[in-house]
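A short worksheet on the structure shown next.
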Amino acid sequence: VIVYTTLLYVLGKARDLKAVEFIFEEMKKECRPNVYTYNTMILACRRANMVGEAKIWLQKMKEDGVQPNIVTFNSLIDIYGKLGTVEELKMVKREMEVSGVQPDVVTFNTLIAFYGRHKMVEEAEAVQREMEVAGVQADIMTFNSLLSLYGKQGMVDKAEMTWEKMVMAGCKPDTTAFTLLMSLYKKHGMVEKAEALQKNMLRAGVQPNIVTFNMLIDSYGKSGMVEKVKSVQEEMEMAGFVQE
RNA sequence: UACUUUAUG
């Protein structure tokens with residue numbers, strides 16, 4: 001089962017839905033798909049932008065007597081958040097409650113990310129409060145999603161407050177967090193803060209990754225700072241990234 | 001170390 005599911009996962013990532021369905025049928029001849037398998041199928045639909053299909057798989061899974069778990073619901077919420085409507089999203093949430101599955105930190109993070117994409121600051125903050133009420137500890141994803149949202153909205157104060165909260169919560173900012181905040185500072189021409197942050201990052205032992213470098217290059221490129229672009233490229237090479 | 005959520009393009 002694991003072998004088949006892994007295979008389905010790979011094919012799903014490659015957006016080869018035809019192959020995915022074929023393998024699924026083959027698999028059923030030999031063994032019984034489990035909750036992982038169905039979750040993988042739903043994921044494959046998401047990548048193929050097929051919202052309706054996802055719902056069909058949920059149906060099939062229930063008919064098979066496989067109980068949807070927290071990952072199933074989180075995946076569905078993500079699908080509807082990205083491709084569907086708010087109404088559908090709420091339906092999934094209701095179904096989740098009915099099934100007696102408690103929302104976890106990923107559920108909340110997904111919702112915050114969803115509202116973030118739609119620049120719905122109020123709603124995102126409401127989710128955050130809901131989270132506190134439910135006694136769910138915010139994690140790095142939560143904070144990063146919020147940073148991203150405030151970044152898009154140009155709400156520097158809020159972003160900094162989020163950063164403080166993150167540190168106070170004992171949550172170590174990761175590469176993504178540093179990249180987000182640096183990007184925000186740069187967009188607002190706060191070059192000194194951005195550079196100070198970059199130093200902090202190194203001091204904290206957080207490694208820049210490919211995204212960090214791309215962001216820096218993009219940012220310097222837009223400002224016409226050719227020399228800076230070059231120095232970033234050198235740093236990249238030193239860090240062992242291959243230029244394309 | 002089989003499945004879900006965040007940053008650049």
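The shown structure was predicted, so the numbers you read here are calculated from the model rather than taken from an experiment. Naming convention: chains lettered A, B, ... in sequence-line order (proteins, then strands); numbering from 1 in each chain.
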* To do: Shoot me the first and last contacting nucleotide of RNA chain B against chain A, ordered 5' to 3', at under 4.0 angstrom to non-hydrogen atoms.
  => A2(B) to U8(B)
RNA chain B-proximal residues of [range], any heavy atom under 4.0 Å:
range                       : value
residues 45-74 of chain A   : Arg46(A), Val71(A), Asn74(A)
residues 176-206 of chain A : Thr176(A), Thr179(A), Leu180(A)
residues 108-136 of chain A : Asn109(A), Thr110(A), Ala113(A)
residues 81-107 of chain A  : Lys82(A), Val106(A)

* Asked: Residues sharing Tyr9(A)'s hydrophobic cluster, by side-chain heavy-atom contacts under 4.5 Å among ILVMFWY, directly or via others?
  -> Leu43(A)
* Should side-chain heavy atoms under 4.5 Å link Ile, Leu, Val, Met, Phe, Trp and Tyr, which residues sit in the same cluster as Met91(A)? -> none
* To do: Kindly say whether Met141(A) contributes a backbone atom to a donor-acceptor pair with the side chain of Ser145(A) at under 3.5 angstrom?
  => yes
* Asked: Would you say the side-chain atoms of Arg15(A) pair up with the backbone N or O of Arg47(A), donor to acceptor, closer than 3.5 Å?
  -> yes
Quick one: side-chain contact (heavy atoms from CB on, under 4.5 Å) partners of [X], sequence neighbours excluded?
X         : value
Val101(A) : Ile70(A), Phe73(A), Met96(A), Ser99(A)
Val106(A) : Asn74(A), Asp104(A), Thr110(A)
Lys90(A)  : Val86(A)

* How is Asn34(A) classified with respect to the nucleic acid when contacts are heavy atoms under 4.0 Å: base, sugar-phosphate, or nothing? -> base
* Asked: Looking across every strand, which nucleic acid part, if any, lies under 4.0 Å from Tyr9(A) by heavy atom: base, sugar-phosphate, or nothing?
  -> sugar-phosphate
Is a donor from one side chain sitting under 3.5 angstrom from an acceptor on the other, for [X] and [Y]?
X         : Y         : value
Thr37(A)  : Asn34(A)  : yes
Asp157(A) : Tyr150(A) : no
Thr72(A)  : Asn39(A)  : yes

* Go through the structure and list residues passing salt bridge (Lys or Arg N to Asp or Glu O under 4.0 Å) with Glu26(A), not counting sequence neighbours. => Lys29(A)
* Could you tell me which residues satisfy side chain to side chain donor-acceptor pair (under 3.5 Å) with Glu88(A), sequence neighbours excluded, listed by chain and number? => Thr85(A)
* To do: Taking atom NZ of Lys93(A) as the centre, report whether more than 12 heavy atoms of other residues, nucleotides or ligands fall under 6.0 Å from it.
  => no
* Asked: With the threshold set at 4.0 Å, does a side-chain nitrogen-carboxylate oxygen contact exist between Glu195(A) and Lys228(A)?
  -> yes
* To do: Any chance you could measure Thr142(A), atom OG1, to Asp139(A), atom CG, to the nearest 0.5 Å?
  => 4.0 Å
